[in-house]
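Taking it in order: structure first as structure tokens, then the write-up.
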Amino acid sequence: MAKPNYQYEKRQRELEKKKKKAEKAQRKASGLPDTDTPDGNEEATESQPDADAAPADASDAPAEQAKPAD
């Protein structure tokens, strides 16, 4: 049975990372917006909260239960 060539696999991963880094640097240099999402669209809901959503406060957190005295 053949032994796996881990050095080859590692080198391929390193080359892929280098390629992605170069593409990102090229996009940044060209002034185009960075699109890291799979569909290419940045979701506005992440940067701006939804107007219909209730504000988060301490009442949403579960209340701590008091331990009975011994």
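In this structure Gln12 satisfies the side chain to side chain contact (heavy atoms under 4.5 Å, CB included) test together with Tyr8, Leu15, sequence neighbours excluded. The side chain to side chain contact (heavy atoms under 4.5 Å, CB included) test applied to Glu23 returns Lys19, Arg27, not counting sequence neighbours. With sequence neighbours excluded, the residues forming a side chain to side chain contact (heavy atoms under 4.5 Å, CB included) with Lys10 are Arg13, Glu14, listed by chain and number.
Heavy atoms of other residues, nucleotides or ligands lying less than 6.0 angstrom from CD of Gln7 number 12 at most.
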